[in-house]
Amino acid sequence: MRRSDVFSARTYRSLIMTDLTYIRVEWDGDLAVVVIDRQDKLNALNADLISELGDVFAGLRADDKVRGVILIGAGEKAFVAGADIAELAKMDAVGGVQVSRQGQEVFREIERFPKPVLAAVGGYALGGGCELTLACHLRIASENAWFGFPEVSLGIIPGYGGTIRLARLIGLGRAVELTLTGERVGAERAAEIGLVSAVVPRSELLDRAKALLHKVTRNGPVAVRMALESIYRGVDTSFSEAQDFESSLFGLLASTEDMKEGMSAFLEKRKADFKGR
Ligand code: CO8
């Protein structure tokens with residue numbers, strides 16, 4: 001039985017409590033904290049872990065109570081130290097395509113997730129781990145974080161969308177240099193080149209992640225979702241098509257209760273109470 005079959009047969013919160021091996025989810029009001037927990041291998045991504053990640057995000061997508069997600073690694077050393085090299089070492093050509101595709105699809109679901117996803121990087125984010133942060137909408141790091149694409153030192157390339165997303169985020173020149181040298185950059189340098197938006201003490205990482213995400217979730221949820229859709233569509237298409245899409249989303253937003261509430265609240269000098277409709 002595949003995990004997705006198990007998933008469809010139960011509510012996802014009970015699935016999260018019982019069936020996951022490498023991931024746990026903690027709840028804090030309207031935020032879900034997704035913890036990747038495979039500490040003996042520095043949270044390296046094996047096929048089962050990636051599959052669980054896909055199932056968890058599918059569940060969170062359907063949960064109206066969740067307005068934002070934090071992705072974090074368990075333990076003090078790593079966010080995710082990459083794809084599982086022991087598993088990759090066994091793959092043949094067909095397996096290589098499958099492994100890459102599986103990761104690409106799950107990471108794409110995260111990128112397309114309709115609520116903001118923030119990577120809180122508290123240690124190594126290497127290879128597939130760095131790629132995972134790139135699929136998130138927001139990234140902050142603790143002072144002990146390290147980022148990099150060591151793949152070429154293993155005779156492979158980033159295969160979960162990293163060769164595409166890194167250049168889009170930090171620019172072609174820097175992305176080419178990081179990918180071809182395989183060198184790691186520390187948290188401060190990562191902030192300088194736009195890989196993360198803030199560097200915080202390790203002990204404050206989760207609280208600072210929640211604070212940043214709350215700055216988003218206090219806003220109109222439909223507007224946040226559509227802003228994400230418009231931004232990511234814009235990266236993937238021509239400027240004129242992106243503008244058409246932006247206008248149509250704007251039109252849709254004009255029909256929402258949230259727009260009326262947001263504007264009334266401003267005019268009445270009170271805090272908006274958004275319902276997400
Ligand atoms: N895969 C498997 N096991 C790992 C990984 C990993 N990526 N990273 C760490 N581990 C394991 C170690 O083998 C070790 O296990 P054990 O105790 O059983 O020997 C345990 O985690 C602890 O690691 P270390 O003892 O090495 O810890 P250190 O503090 O000495 O070093 C490092 C930490 C520097 C992070 C080091 O572990 C390291 O270099 N790890 C590998 C980093 C790396 O190369 N990552 C990229 C992997 S390739 C990748 O991500 C490709 C993605 C695209 C795939 C597309 C599909 C085709």
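Numbering of ligands and ligand atoms starts at 1, following listing order.
Closest heavy-atom approach to atom 22 (C) of ligand 1 within the set L45, I157, L42: this belongs to L42.
Going from atom CG of L228 over to atom CE of M226 covers 11.5 Å, rounded to the nearest 0.5 Å.
Both the backbone and the side chain of A83 come within 4.0 Å of ligand 1, counting heavy atoms alone. Counting heavy atoms under 4.0 Å from ligand 1, residue R184 touches it through the side chain alone. At a heavy-atom distance under 4.0 Å, only backbone atoms of D40 (N, CA, C or O) approach ligand 1. Both the backbone and the side chain of A81 come within 4.0 Å of ligand 1, judged by heavy-atom distances.
Distance screen at 4.0 Å: atom 36 (C) of ligand 1 has no protein heavy-atom neighbour inside the cut-off. At least one protein heavy atom sits closer than 4.0 Å to atom 47 (C) of ligand 1. Within a 4.0 Å radius of atom 50 (O) of ligand 1, the protein has at least one heavy atom. Distance check for atom 27 (O) of ligand 1: a protein heavy atom is found below 4.0 Å. The presence of a protein heavy atom under 4.0 Å from atom 30 (O) of ligand 1 is ruled out. Distance remark: protein heavy atom not present below 4.0 angstrom from atom 13 (O) of ligand 1. Distance check for atom 2 (C) of ligand 1: a protein heavy atom is found below 4.0 Å.
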Donor-acceptor contacts, no H, no angles, side chain residues 174-182, under 3.5 Å, sequence neighbours left out:
residue : atom : partner : partner atom : Å
T179    : OG1  : A175    : O            : 2.7
T181    : OG1  : E177    : O            : 2.8
T181    : OG1  : E183    : N            : 3.2

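Of the N or O atoms in I85, one or more lie within a sub-3.5 Å distance of an N or O in ligand 1.
The protein non-hydrogen atom at the shortest distance from atom 15 (O) of ligand 1 is K41 NZ, 3.4 Å.
Ion pairing of K210 with D28 is present here, as a side-chain N (NZ or NE/NH1/NH2) and a carboxylate O approach within less than 4.0 Å. Residues R168 and D236 are paired through a salt bridge, judged by an N-O separation under 4.0 Å between the basic side chain and the carboxylate. For E261 and R270, the salt-bridge test passes: some basic side-chain N is under 4.0 Å from an acidic carboxylate O. Ion pairing between K271 and D273 fails under the 4.0 Å rule for side-chain N and carboxylate O. A salt bridge does not link K260 with E257: none of the charged nitrogens is closer than 4.0 Å to a carboxylate oxygen.
Checked against the 6.0 Å centroid threshold, Y232 and H137 count as a close aromatic pair.
With a 6.0 Å radius and a threshold of 12 heavy atoms from other residues, nucleotides or ligands, M91 has its CE atom above the threshold.
The ligand atoms of ligand 1 that sit less than 4.0 angstrom from a heavy atom of P150 are 43 (C), 44 (O), 45 (N), 46 (C). Atoms of ligand 1 lying under 4.0 Å from at least one heavy atom of E131, given by number and element, are 52 (C), 53 (C). Close contacts of ligand 1 with L154, meaning ligand atoms under 4.0 Å from a residue heavy atom, involve 44 (O), 47 (C), 48 (S).
Every residue two or more places apart in sequence or in another chain was checked for a side chain to side chain donor-acceptor pair (under 3.5 Å) with E87, and none qualifies.
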